[in-house]
Every structure is written in C-alpha cells, then in structure tokens.
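Report on the structure given below.
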Amino acid sequence: MNAQTQDSVRRWAKTAVAVLGFSASVYHLYAAYFYPLFALQHRALHFLLLGVMLFLIHTVIKEKELTWPKLIYSLVFIAMTVAGTLYVLVNYDSVAMRAGAYNTTDIAFGILMLLVVFEAARRGTGWPIVIVAGAFFVYAFVGPYMPLVLAHRGFPLERTVPFLYLTTEGIFGIPLGVSAKFVLLFILYGAMLERTGAGKFFLDLAMAIAGSARGGPAKAAVLGSAVMGTLSGSSTANVTTTGTFTIPLMKRIGVKPEVAGGIEASASTMGQITPPVMGAAAFLLAEYTGIPYLRVAMAAGIPALLAFYSMFIQVDFMAAFSGLRGIPRPDLPRLRQVLREGGYFLLPLVALVYFLMAGYSPERAIFWTILVTIAIVLVAGVVRGEARETARQIVLAFRDGGVNTVEVAAICAAAGIIIGVTTMTGLGLRISTIVLDLSGGSLWLAAPLAAISSLILGMGIPTTANYVIQATLVAPAFVSMGVPLLAAHLFVFYYGLLADVTPPVALAGFAASGIAQSDPFRTGVEGFRFGFAKYVVPFLFLTHQGLLLEGGLLNIISATLAAIIGITALAGVLQRYFFGPVQLWQMAVLLVGAFAMFTMQAQYWLLGLALIAAVGASQWVAFRVKPKAVAG
C-alpha cells in the first residue's frame, strides 16, 4: 500500500470515527432521558459504536505502517463487532423468549463476540487485562482439576459462552452498563468543558491562587490536577493535560525533573477520587454495591481532601527545605481577571452538584448538566463575539465524548467476563474464604493483603478492571469481617488507582517523565514518595467510618483532625522538614506520633499530639526563636 493510499484510508477512518463519536454522544444523551432500549440492547449498541471506533483508531489511524493485510485484519474485526452486537439487538426478543435455551447460532456468535472483546481490550490497553480475563475464562472449564479450595464442577462451552454473551452477567454486564449509562456522558461533559476553555481557566485559577507561594507551580499542579482530574477521570490523561503546563514551570523555579514529574503524577491520581465527578470505577462502585452515587461521592469527600492535603503539605515542606520560591506575581495571571473572563466555567460544576443533591439519578443529573453547560458556553461565546467557534467546539466535544470512551468500553467488556465467570463458579466466596483463613479473621492482616494485591494488579490493569476483580473477590471478605460495605469497596477502589503511581510500573509516572524529560523509574519513585500519605488514608477510613461521614458530627470532626495532624507529621518525615530541617531522632518521634494519631483511638491521640508538639516546639525554638535572639 503506497503512501497516498494510506493517507486516503486514514482520512476515511478519521471521518468515520468523527461521525461515530458524535453519534454515540448524541444517542447516549438521548438515552439518558428517554431510555429507548432494554439494558442488554443498550449495552450492545454502546459496544457496537465504540468497538468499531476502537478498531478504526488502533488498527488504522494509529498504525504507523498501514498494509493491506493490516487493513483487512481491522475490517474483519469491525465486521465481527457489528455482527456480534447486531445479533443481540435484532434477536433480543427471541433470546428473551427462549429463557436460556441456547442454540448453536447463539454459541457461534458468542465465540465471535468473545474474540472481539479480547482483541479490543488488547488493542485498547495492552495484554495484562486480556491475560487476566482469559485466565478467568479458562477457569470456567478447568474447575475439576484445580486445588480443592478453588475447585468447582466445571462448565461446558455451550453453557459458558451464551451466559457470558446473552445475559447481563457477562460481557454486557454491570461494567459495560456503567460505561453506557454514566461514563460516556461524564466524559462528554469533561470534553465540552475542555474544548470550550475550562482547562485553561482552572490552570490559570490554580496559578493565580498558589503560583506566588513557595514552590508555587508545584502547589498549582496539585490544585489544577485535582480539578482537571474530575473532568478527565484518568490519571495518565490528567498528566498529559496539566503536566505540559505545570512541569516546565516547576523546573523553572528549580525543582528537579524527576521530582516535578513525580509531583504531577501523584497529583493526577487525585482526580479519580475527587467529587463531584470521580473516575469510571466510582460509578461502577455505586452500581455494583447498590449505594447511590451521591452517597459514594459524599463519603469520598473527606478522604479526597486528606489526599489533597497530604500532597499540598508535602510540596510546601519540600519547597521550604529546598528554598524554592514561587513565580513572581507580575508573571502570574491575576485572580480577578481570571474569574472575570472564565468564572462561568464554575457554573456547570455547581449545576451538577445541585442536580445530584436534588435526588436526580447520575444519568439524569449529567443529562441536565450537559444541557446547562451548552447553554452557558453558547451565551459566553455570543458575548465574546465567538458564537460560531463556540458552536464548532461543542460539536467537536460531542465527537470527543464518544472517541475518548472507547478504551473504557473495551476494559468494561473484558471486566464483564471476569464477573461472569466469578458468578458462575462461586469463586468470590472461595477467595473470601482464603483471605479469611490467611488473615485468621484479622482485619489488620487482611487489609495489607488486599492492598498489595490491588497494587500488583494495578501495575498493568486499569483502575476499572482492577476494582472489578477486587470488588468481586476481596471486598466480600472485608464485609464478612464486619467492615461496612461502602468502606470495603472504597478501600479496594483507592488502592487500585494508587497503582498508577506505584513502582515498578507507575503508568502516570511514566507519562510524566516523558514531559519532564526525566528517568521514568526515578520519576515513579518520586511520585510514590509524594503520594505515600495517600496510601494511609484508606486504612484510616476502613477502621474509622467517621471519615466517610458515618456517625455524629463530633465523631467526624475528631477523626478528620486526627488524620490531618498525623498526615502533617508523616509529611514532615517524608520531606525531612517540619518548622525546619528534621534531625534523625525528630523523624522517629514524628513517625511514632503520626501512627499514634492514625490508630483513630482517643487513648492514643494524646500521646501522638504530645510527641508531635514536642518536635514542633523544639524546632520552633531552634529555627524561629534563636535566630531572632541572635539578630537582636
């Protein structure tokens, strides 16, 4: 295939992707209000649109050297995607009437669809999720040959394939349902704000607020990434969006490239846990547990603030220890001007919070929020005399809403296989039994095991799939130990996303290293160091539900203050700075004091406060009082 033909094919593919992306957004916006199809049909149509786009993007548009065999390969899988999904759409009534009496055609199309899902997941996110989902698929057949604790009677192909294909327990199960109901619309919402200038507004706002403080650009990276993450829902996407702006500014004031990349990578993971718009896995958590999304978002509020504070205080201590100053005020955007020119971008966030608080379902809330956003940005465009350009950007945002969801849909479809096999075989109960046996029923032994397994899985598997596995296999063990359902699921959710900044495979850190022009592994290590306090937060709310807004007001306030004090002390240890540089003995005392606060038990809080206060007082005398006395 010559260069001219390749360009022609790619132009055709880009046009097809643009049309499909726009159509997907329009359809899902329509479906959020009118619900025109049954769940199985809706999810099949969702995968039809996004699956075709995925193969066009990853096998045609992004292919460096497009050959005829590669083009034929992509067209074959596109045809398989269309056939596998249309079979469900066209034969829905027949399948429902047969009520599990599957025929040979069902099985054949089911095998076809499984091949599509595995290849879509491989193309979209790589081999790890394919290997894990494939292992679960094989497990359905080899149960009789497994060790006793994992053994089951085994299921034949003619039962397994249709169960995973023609029910809402497999490929078209809860994960893909969440992608179809919520995720695409929230990604559309974020794309609309980004396309119309909200990204620049939030970064300018962060720089105007924190840019002149010591280590200002680093603090702005924390602020900006937290806000932008609520729009993108992806750690790596957040890095590439905000990092291109914040990392060079951090390097400008003297932050080492590895540190700059690590700060941005660690800050970018916060978006998935920051209400009101969290990552895709948060919507899956709400759907999987049956807990309303508003309750999930509210419960995540204090832990998100603690994670945000831990990053902010570490950056402040690092800047003080290194003597890093901020950007001169004249070189920064002015807060009043930033708010005057782009303050209207805050209104869509206010609208979303209002609709959620008013009791709207997430899909209805985002439906109305998107309409409000369109109205606001169009009015702003008219006022600025840019109505035509604003309308064009809205159309492009509708395209981006569909295009940016393709990988999520592939992951969710593969995750459905994992859930389906677990449901068929009863694996979840068996794994819960293993966790209970290994830990002896002790939560303090079970929790580290769950955290480690989440981090290991997360080294190659996206947060959504990681959460599905842990929620299916591990969270039930926590619940059986008496941990509330929401706390158990939030725990595995948090550790799944923290894998993005956990070496040796820290995907967000690797993305940041490309911008910072730094060593990828060292950047990942710095991201881990700056995010270390966040690893403590899930353990805190696992044992003290006051951090999840459970219990009385005094209980919530005392737990939050204890966590803040402990995190501050831990940040002092990690950055070797408190009121001044920290000596070795002071680091040890601060560490003991921090963990005394982290016990979340009142009898240890006085000890923790005394130890932390003692270090603070000694440093205050050494670095604040004595220099003044000498100067006098």
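Just so it is clear, the structure is predicted and the values come from calculations on it, not from any experiment.
Under the 4.5 Å side-chain criterion, counting only non-hydrogen atoms from C-beta, Leu574 is not in contact with Phe317. Between Val255 and Ile253, some side-chain heavy-atom pair lies under the 4.5 Å cut-off. Side-chain atoms of Ile612 and Thr568, non-hydrogen and from C-beta on, never get closer than 4.5 Å to each other. Side chains of Leu436 and Ser480 form a contact here, defined as non-hydrogen atoms less than 4.5 Å apart. Between Phe182 and Ile366, every side-chain heavy-atom pair lies at or beyond the 4.5 Å cut-off.
Between Phe491 and Phe539, the ring planes lie perpendicular to each other; the angle is over 60°, past the 30° to 60° tilted range. Ring orientation note: the planes of Phe595 and Phe598 are nearly perpendicular, at an angle over 60° on the 30°/60° scale.
A donor-acceptor contact shorter than 3.5 Å is absent between the side chain of Glu264 and the backbone of Ala260. For Gln314 (side chain) and Phe530 (main-chain N/O), a donor-acceptor pair under 3.5 Å exists by modelled atom type. With hydrogens and angles ignored, the 3.5 Å screen pairs a side-chain donor or acceptor of Gln545 with a backbone N or O of Leu542. In this structure a side-chain-to-backbone donor-acceptor pair under 3.5 Å is present from Lys534 to Ser266. Under a 3.5 Å cut-off, the side chain of Gln586 and the backbone N or O of Gln583 do form a donor-acceptor pair.
Scanning all heavy atoms of the two residues, the minimum distance from Ile417 to Phe137 falls at CG2-CB, 4.4 Å. Of all heavy-atom pairs between Leu176 and Ala413, the closest is CD1-N, 4.2 Å. The two residues Pro175 and Val468 come nearest to each other via the heavy atoms CG-CG2, 4.1 Å. Taking each heavy atom of Pro476 and Gln470 in turn, the nearest pair found is CD-O, 4.5 Å. Contact detail for Pro448 and Leu443: the closest heavy-atom pair is CD-O, 4.2 Å. Nearest heavy atoms, Ala213 versus Lys219: CB-NZ, 4.0 Å.
If you check the side chains of Thr422 and Tyr139, you find no donor sitting under 3.5 Å from an acceptor. Looking only at atom types and distance, the side chain of Lys256 has no donor-acceptor partner in the side chain of Ser322 under 3.5 Å away. Donor-acceptor pairing under 3.5 Å is lacking for the side chains of Ser513 and Ser518. Side chain to side chain, Tyr535 and Thr502 meet the donor-acceptor criterion of an N or O pair below 3.5 Å. Of the N and O atoms on the side chains of Gln575 and Arg529, at least one donor lies less than 3.5 Å from an acceptor on the other residue.
Atom CD1 of Ile419 and atom OG1 of Thr472 lie 4.5 Å apart (nearest 0.5 Å).
By the side chain to side chain contact (heavy atoms under 4.5 Å, CB included) test, Ala299 is found to be paired with Arg295, Leu486, Leu490, Leu548, residues two or more places apart in sequence or in another chain being considered. Not counting sequence neighbours, Thr289 has no partner by the side chain to side chain donor-acceptor pair (under 3.5 Å) test.
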* Might you work through the side-chain hydrogen bond (donor to acceptor under 3.5 Å, both in side chains) test for His58 and Glu407, ending with a clear yes or no? => CA-CA 10 Å; His58 288 280; Glu407 286 85 4; 2.8 Å; yes
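Tested against Ile434, the residues Leu449, Val474, Leu150 include a single side chain to side chain contact (heavy atoms under 4.5 Å, CB included) partner, Leu150.
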